[in-house]
Every structure is written in structure tokens, then in C-alpha cells.
Asks: 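Before I ask anything, let me first share the structure, which is written out below as C-alpha cells.
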Protein chains: 2
Amino acid sequence: MLRHVSATSLAAMLRERGLRLTPQRQLILEAVHELGHATPESVHTAVRERAAGVNITTVYRTLELLEELGLVNHTHLSHGSPTYHPAGDDQHVHLVCRSCGSIAEVDPAVMDPVTGLLLRERDFRVDVGHVSLFGLCGDCKDTP
Amino acid sequence: MLRHVSATSLAAMLRERGLRLTPQRQLILEAVHELGHATPESVHTAVRERAAGVNITTVYRTLELLEELGLVNHTHLSHGSPTYHPAGDDQHVHLVCRSCGSIAEVDPAVMDPVTGLLLRERDFRVDVGHVSLFGLCGDCKDTP
DNA sequence: TTTCGTGCAAATACTTTGCACACGG
DNA sequence: CCGTGTGCAAAGTATTTGCACGAAA
């Protein structure tokens, strides 16, 4: 269960593509791991606590890069900013309550019947690390 | 299988709340039905073909209203603008290809195993008319 | 030394808000 | 008439882009 990508392996992944390891890229990747659910804004805030000068532009560019490298995924929780989270085997499906805004996580295996069906019948390969389901949570379904 | 909400029934729903039937509201609701998948921008364009003066602000306000009335739903297809579609029994789940951007639709019944499980085990009521699944379509999965 | 990466500033996209007038009921 | 709805303009947020300098390899 790999929860952290070490600086050296990040460096290796970057080098493979002729890209460079910078303090910003390390800090941003660490921030995503620490935050779990991270918007560009929250990453920016977190990174700034360690290194004041890091620009929001760099956060956007780096998150996009980290996603290309397969180190993070993003999903859209309700409206507004995308939410980034570490890629890997700790993936989860999000349950977003439209009433109270709470976000719960469930094992992506709950999607297996659906992903299997869609692959067989529609030739569509669902990216499970990317799924958000909207609805009403237990606390809200009675008092909407 | 009700595919259109008539002007009179829209009027009735509005009147119940002390709201008014206006040409803009009729046109915008019609546009959502005609377009099927409609962003605020595309609704604006479609409506303008019939009535030049309609403002984008009114489109936003009206889509929000129509959603409160339960006449339309919106979902987030990839990034960017939300996509509105008619509410009712023609609901569908969206399959969004992250490679080519294509949007396919499937019967929401494919989600039944998942919605049932989440209701039983997590007390979470999934809004199926709101589901978008991201992944790779058949055309793209071989040549990503 | 050679690119690549970053910060900065400005541009762009999307959405919301305040207000005065228009108009549906 | 009364009060809601609209258009307009402007403000607010979120994100992207161009460019010159700084820095990794």
C-alpha cells in the first residue's frame, strides 16, 4: 500500500520525460497527499505555509502535470473547483450530499457490477478513481 | 413517456409558487428539451435564434429556477460549464470519454446494483439523473 | 550552457449581483 | 396597480496564457 511517492521516484518519473524535479513539484505532490481531497486553492494555501513564494499558476500547472504522470487524479465534487487526490490503490468513490455538502468515501469495488457491465455491453472503460455520485446522505434524506 | 412540459403545465407549476409565466421561461425550457444536453451558453444561443434580446443572466437564473421546479437536472460533464437536461423518466447516465470527449448515454438501470447497495449499506440515496462516469470509450481505449 | 519552470501580470471564461424599468397577473 | 422578472453593467471567482528571468541538469 504505497501512500507516498518518494522524491526520488518522482524525480525518476520526471527524468524519463526530460522534465525537472523542482521544490514546487515536490511540495505540491506532498500537499495533495496530506490533504487527501485538495482543490487548487487549498493546495496553494498548504504549500505556501512551507514556501511563501509559490504561485497559484504553478499549482495549476503542476497538478495538471502530476495527473499526466498518473500520480494524482481529479474529480468534480458538486460544482466549482476540481478536487485532486493521490492516485494509487487507495482510490475511492465519492458520495456527495447535495443537501449538506458532506463527502463520504466508499470502496470503488461497489462500482464493479456497473464497470463490468459497461465494459461488456458498451465497450466503455470506467475510470473508477474519478467517480462522484450525488444524492442525499442518511442525515438529509429525511429532512430535505 | 412525457417528453415535453406544456406551457400550461409550466404555468401551473409557476403559479403554485406565485411566480409568473414569461416568454423567456418557456423558450428556455423548450431549448433544454430540444438540445438534450445544454450548457447555459448553448441554451442562450438557441433561445436567441427565436428571441434576440434574451440575456445570458436570465438563462442562468431560469435554469436554476427550472431545476428547483424539478423540470430539469444538471450534471457536470468533465470540466467547465454544467450541462442541463430535461428531468423526467428519460433520465440517463452519462459516459464521458476523457480522450475524445464523446458523451454516450446509458439507461440509469445499470446503476441499480450500486444504488441498492449504497442505500442499504451507507444509507445514501444516489440521484441517478445526475451521474456522469468518466473513462475511455471503445474508440479510444486502444489508442490512448 | 541549454532548456525547462516559475512568477508575474494580464487575459479569458464563467457566474453572480445590484438596480431601474418592464410587464404578467 | 402590485410585485415579480428582465436587461444591463459591473463585480466576483476560477483558470489560462505570454513573457522574461531564474534555475535544474
Side-chain angles (χ1 to χ4, degrees), chain A residues 7-29 31-32 37-45 47-48 50-69 71-72 74-84, chain B residues 7-32 37-45 47-48 50-69 71-72 74-84 101:
Chain A
T8 55
S9 90
L10 172 59
M13 299 192 67
L14 290 168
R15 202 160 35 233
E16 267 179 33
R17 301 195 175 201
L19 302 176
R20 293 169 188 174
L21 179 65
T22 64
Q24 286 89 336
R25 288 175 177 174
Q26 295 179 59
L27 289 168
I28 289 167
L29 179 56
V32 173
H37 291 118
T39 62
E41 186 59 34
S42 67
V43 169
H44 186 215
T45 302
V47 168
R48 283 194 139 181
R50 294 209 192 167
V54 178
N55 196 282
I56 184 74
T57 302
T58 300
V59 173
Y60 277 103
R61 287 192 281 227
T62 301
L63 288 172
E64 190 181 348
L65 171 65
L66 293 176
E67 185 149 42
E68 280 171 23
L69 294 176
L71 296 177
V72 306
H74 85 272
T75 185
H76 294 272
L77 270 33
S78 74
H79 49 288
S81 302
T83 301
Y84 288 80
Chain B
T8 56
S9 89
L10 172 59
M13 299 192 69
L14 290 168
R15 201 158 37 231
E16 268 180 32
R17 300 195 176 202
L19 303 177
R20 292 170 187 172
L21 179 65
T22 63
Q24 286 89 336
R25 288 176 176 173
Q26 294 179 60
L27 289 167
I28 289 167
L29 179 56
E30 281 172 23
V32 172
H37 291 117
T39 62
E41 187 59 33
S42 68
V43 169
H44 186 213
T45 303
V47 168
R48 284 194 139 181
R50 294 208 192 166
V54 178
N55 195 281
I56 183 74
T57 302
T58 301
V59 173
Y60 277 102
R61 287 192 279 226
T62 301
L63 288 173
E64 189 181 349
L65 172 65
L66 294 175
E67 186 150 41
E68 281 171 22
L69 293 176
L71 297 176
V72 305
H74 85 273
T75 184
H76 293 272
L77 271 33
S78 74
H79 49 288
S81 302
T83 302
Y84 287 80

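Note that the coordinates shown come from a computational prediction; the quantities given were computed from them, not determined experimentally. To find a chain, count down the sequence lines: A is the first, B the second, and so on, and within it residues start at 1.
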Asks: Do you know the tightest heavy-atom contact between A/H74 and A/P82?
Replies: CD2-CB, 3.8 Å
Asks: Please give, in whole Å, the distance from C/dC4 C1' to A/R17 CZ?
Replies: 15 Å
Asks: Kindly say whether, by distance alone, the side chain of A/R61 makes a donor-acceptor pair under 3.5 Å with the base of C/dG7?
Replies: yes
Asks: Report the distance from atom CG of A/N55 to atom P of D/dG22, rounded to the nearest whole Å.
Replies: 16 Å
Asks: Could you state the NE2-P distance from B/H76 to D/dA14, rounded to the nearest angstrom?
Replies: 14 Å
Asks: Please say which of B/I56, B/I28, B/L27, B/T62 ends up in a side chain to side chain contact (heavy atoms under 4.5 Å, CB included) with B/V43.
Replies: B/I28
Asks: Expressed as a whole number of angstroms, how long is the span from B/I56:CD1 to C/dT15:P?
Replies: 8 Å
Asks: I want to check one thing: is the phosphate of C/dC23, taken as OP1 and OP2, less than 4.0 Å away from some side-chain N or O of B/Q24?
Replies: no
Asks: Compare side-chain N and O positions of A/T57 against OP1 and OP2 of C/dC8 and report whether any pair is under 4.0 Å apart.
Replies: no
Asks: Could you tell me whether the phosphate oxygens of C/dG7, OP1 or OP2, come under 4.0 Å of any side-chain nitrogen or oxygen in A/T58?
Replies: yes
Asks: Closer than 4.0 Å, any side-chain N/O of A/Y60 to the OP1 or OP2 of D/dT16?
Replies: no
Asks: Do any side-chain atoms of residues 13-24 of chain B form donor-acceptor pairs under 3.5 angstrom with protein atoms, and if so which ones, sequence neighbours left out?
Replies:
from: B/R17; atom 1: NH2; to: B/E68; atom 2: O; distance (Å): 3.4
from: B/T22; atom 1: OG1; to: B/R25; atom 2: N; distance (Å): 3.2

Asks: Mind calculating the distance between CE (A/M13) and P (D/dA24) to the nearest angstrom?
Replies: 21 Å
Asks: Say you draw a straight line from CD of B/E64 to CG of B/L69; how long is it, rounded to the nearest 0.5 Å?
Replies: 11.0 Å
Asks: By the 4.0 Å heavy-atom rule, please label A/P82 as base, sugar-phosphate, or nothing.
Replies: sugar-phosphate
Asks: More 5' along DNA chain D: B/V54 or B/R20, using each one's nearest nucleotide?
Replies: B/R20
Asks: Going by heavy atoms in the side chains, are B/T39 and B/L77 under 4.5 Å from each other?
Replies: no
Asks: How many Å lie between CG on B/L14 and C1' on C/dG24, as a whole number?
Replies: 11 Å
Asks: Consider the side chain of B/T22, meaning its heavy atoms from C-beta on, and name the nucleotide among D/dC8, D/dG5, C/dG5 that approaches it most closely.
Replies: D/dG5
Asks: Could you state the CD1-C1' distance from A/I28 to C/dG7, rounded to the nearest angstrom?
Replies: 12 Å
Asks: Counting only side-chain nitrogens and oxygens, does B/R25 get under 4.0 Å of the OP1 or OP2 atom of D/dT6?
Replies: yes
Asks: Select base, sugar-phosphate, or nothing to describe what B/L19 touches, counting heavy atoms under 4.0 Å on all strands.
Replies: sugar-phosphate
Asks: Please report, rounded to the nearest Å, how far the P atom of D/dG5 is from the CG atom of B/L21.
Replies: 11 Å
